Amino acid sequence: MEKKNNPSLSFSANVNFMIDRALTVLKIDTGISNSIKTCNSTIKVSFPVEINGRIEVFTGWRSVHSDHRLPSKGGIRFAPIVNEDEVEALASLMTYKCAIVDVPFGGSKGGLLIDPSKYTRDDMQRITRRFARELIRKGYLSPATNVPAPDMGTGEREMAWITDTYKQLHPEDINYLGCVTGKPVAHGGIRGRVEATGRGVVYAIREFFRHADDVKAAGLTPKLGGKRIVVQGLGNVGYYAAKLLDEEDQSKIIAIIERDGVLVNEDGLCVEDVRMHMNQHKTIEGFPGAVFSENIAAGLEIECDILIPAAMEAQITKENAHNIKTKLIVEAANGPVTFEADDILQQRGITILPDAYINAGGVTVSYFEWVRNIAHIRFGRMERRHDEMRGAQMLKVIENMTGEKSASWMQKELAHGADELDLVRSGLDDTMRNSYQQLKEIYQSNDNVHDFRTAAYVVAIQKLVRAYIDIGVY
Ligand code: GLU
C-alpha cells in the first residue's frame, strides 16, 4: 500500500497501516500478514420497504473479518454515511479488539445506509426486521456464527426487533436469544451492557493512572481527580465515560463537543445536567452556566490534560493534529485518529490509548450477555443468597469475638451477595486491567514498540497467529 501523496486514506487503509507497524515489529511473513488483514467476506444487501405508500430501497452491509473463533462479533450501525470500506475497517477492528481483551470471538460489523431521524418508529421496525431477515437468510446472523450488537444509531430497541425476527425464522433454536447482544434486560439482555463501553473507558483510564511511570511519561501529574478533560460526543459511550469521570473520579469535564457546537466551563460541567438539557432541547446550545460556541473544530484544540474523542472516525487528522493541546488521547470512538495524525501526535509526544483496547468494554459485556443467553441463567442467581448468608455468619463470628456490634459499612459490604450488575462490572474491570497490563508488558519489553497502539496490535496479532497455527491455517 502506498501512503505517500495520498490525500485521504480510506478507513481500512488507516487501520491496516497501523497494523503494519505491529506486523513489522513481529517480523511476520507477508503472506500471513495479508491473510490477517484481509476481510473473509462482505455481503451487500439491498431491499425494498414501503414507506408512506412509496417503495424505498435500502442498502446495508455485513462484513466478517475473521471467523477463527465463532461467533464473529460486532455491532450494526444505522447512519446516513456508511459504506463497504468503513464496515470492513470496523470489522477488522473487532477482530483485534476481541483478541486484546480475550473475548473468544471473530470480528464482524454491519451497517445500514439510513438516517434514522427521518423515519417513524414503525418504519424503523419494518426496515430493521427486513434487514435482519436478509442477514439471517444469507448466513450472516445467528447465535452460533455471527452476533450483532448496538453501534451508532442502534440500541436495545433494534436488538429486540432483530431477536424477534430471528426467533420467528428459527423457533427450534433453543439459543435464539444469543443471536444478538445489547438487548433490553427484560428480553434476554444483561444488566450493565448499555453503560459498558463508557464504563470500560473509565476502567482503562483508572488502570493507566495506577501506573505512575506511564502517567509520568505522558507528562501528567499522578492523580486522575482534578484532571481537565475534553469529551467529544455525548452519545452512549461519551456520556457514560464523562459521567463516571465527573461523578466518581472528581475529574473536571471542561468541555463537551457535540454535533452542533461546544460547551466550555473551566470549573467543570455537570455531565448529567448537560445530557438532560440535550435530551430535552435536542441541542447543547443554551445550557446554563457554560459558554457555547459553534466552532466544533476549535473544541478539539482546547488545552486540556485528557482528550476523549467518543464520536466517530477521522476526527483528528493531519490537518489538526499539530494543534491538539493535550497530554493524553483516549480513543473511545473507533478510529478517531487517522494514521497520519497518529504519526504527528507521536512525534509531538502525545500519548494515545488506542480504540481497539479503550472501547472494548462493549464487546466484553456483550460476551457476558451471550454466555448468559447460552447458559439460560442470570449471573449470580444460584449463589447470591448463599454468599449473603455466609457474609452474615462471618459478621456474627466477628461480633462474638470482639463483643462489639460491627460497623454499618461492614454489614453492607460483607453481607452483600453479588448480583448480576456487580458481577458484570467486576468482570469488565478485571478485563480492562488485565489487558492494559498485557499492553504494557509488550511496550516495556520490546525496544521496537514506542506506543500503546502498536503494543495493542502486537498483543492481538500474537494471539491471532497462535489461534491460526492451532487450528491449522498456517
Ligand atoms: N459496536 C460495539 C463496538 O464497536 C460493540 C460490539 C459488540 O458488542 O459486539 O465495539
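Whatever order the structure lists them in is the order used to number ligands and atoms, beginning at 1. Owing to the predicted nature of the structure, the values given are computational and were not obtained by experimental measurement. Values below: all heavy atoms of this structure, side chains included; hydrogens, waters and symmetry mates excluded.
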Does the side chain of Thr154 pick up a donor-acceptor pair with the side chain of Arg77 at under 3.5 Å? no
Which segment of Leu93 sits under 4.0 Å of ligand 1 when only heavy atoms are counted: neither
Say you draw a straight line from OG of Ser63 to OH of Tyr140; how long is it, rounded to the nearest 0.5 Å? 7.5 Å
Return the residue, atom name and 0.1 Å-rounded distance of the protein heavy atom closest to atom 5 (C) of ligand 1. Arg193 NH2, 3.5 Å
Pair Glu88, Thr42: side-chain N/O donor-acceptor within cut-off below 3.5 Å: yes
Parallel, tilted or perpendicular: which describes the rings of Phe287 and His277, with under 30° parallel and over 60° perpendicular? perpendicular
Consider only side-chain N and O atoms of Asp214 and Tyr443, and report whether a donor and an acceptor are under 3.5 Å apart. no
Could you tell me which atoms of ligand 1, counted from 1 in the order shown, lie closer than 4.0 angstrom to a heavy atom of Gly75? 1 (N), 6 (C)
Given side chain to side chain contact (heavy atoms under 4.5 Å, CB included), test Asp102 with Thr431 step by step and report yes or no. CA-CA 8 Å; Asp102 289 318; Thr431 303; over 6 Å; no
For salt bridge (charged side-chain N to carboxylate O under 4.0 Å, His left out), just list the numbers for Asp260 and Lys282, CA-CA rounded to whole Å, side-chain angles, deciding distance to a tenth of an Å, and then say yes or no. CA-CA 10 Å; Asp260 52 344; Lys282 306 280 167 250; over 6 Å; no
Heavy atom of the protein closest to atom 9 (O) of ligand 1 (residue, atom name, distance): Lys73 NZ, 2.8 Å
Looking only at protein heavy atoms, which one is nearest to atom 7 (C) of ligand 1, and how far off is it? Ala149 CB, 3.3 Å
Would you mind telling me if ligand 1 is within reach of the side chain of Pro150, the backbone, both or neither, using heavy atoms under 4.0 Å? backbone
min-distance protein heavy atom vs atom 8 (O) of ligand 1 -> Ser366 OG, 2.5 Å
Check Glu369 against ligand 1 and report side chain, backbone, both or neither, counting heavy atoms closer than 4.0 Å. neither
Going by the order shown, which atoms of ligand 1 are within less than 4.0 Å of some heavy atom of Gly362? 8 (O)
So which heavy atom in the protein is nearest atom 1 (N) of ligand 1, and how far is it from that ligand atom? Asp151 OD1, 2.7 Å
If I take atom CG from residue Asn334 and atom CG from residue Leu90, how far apart are they, to the nearest 0.5 angstrom? 5.5 Å
Element-labelled atoms of ligand 1 that are located less than 4.0 Å from some non-hydrogen atom of Lys109: 1 (N), 3 (C), 4 (O)
Please could you name the atoms of ligand 1 that Lys97 approaches to less than 4.0 Å, counting only its heavy atoms? 3 (C), 4 (O), 10 (O)
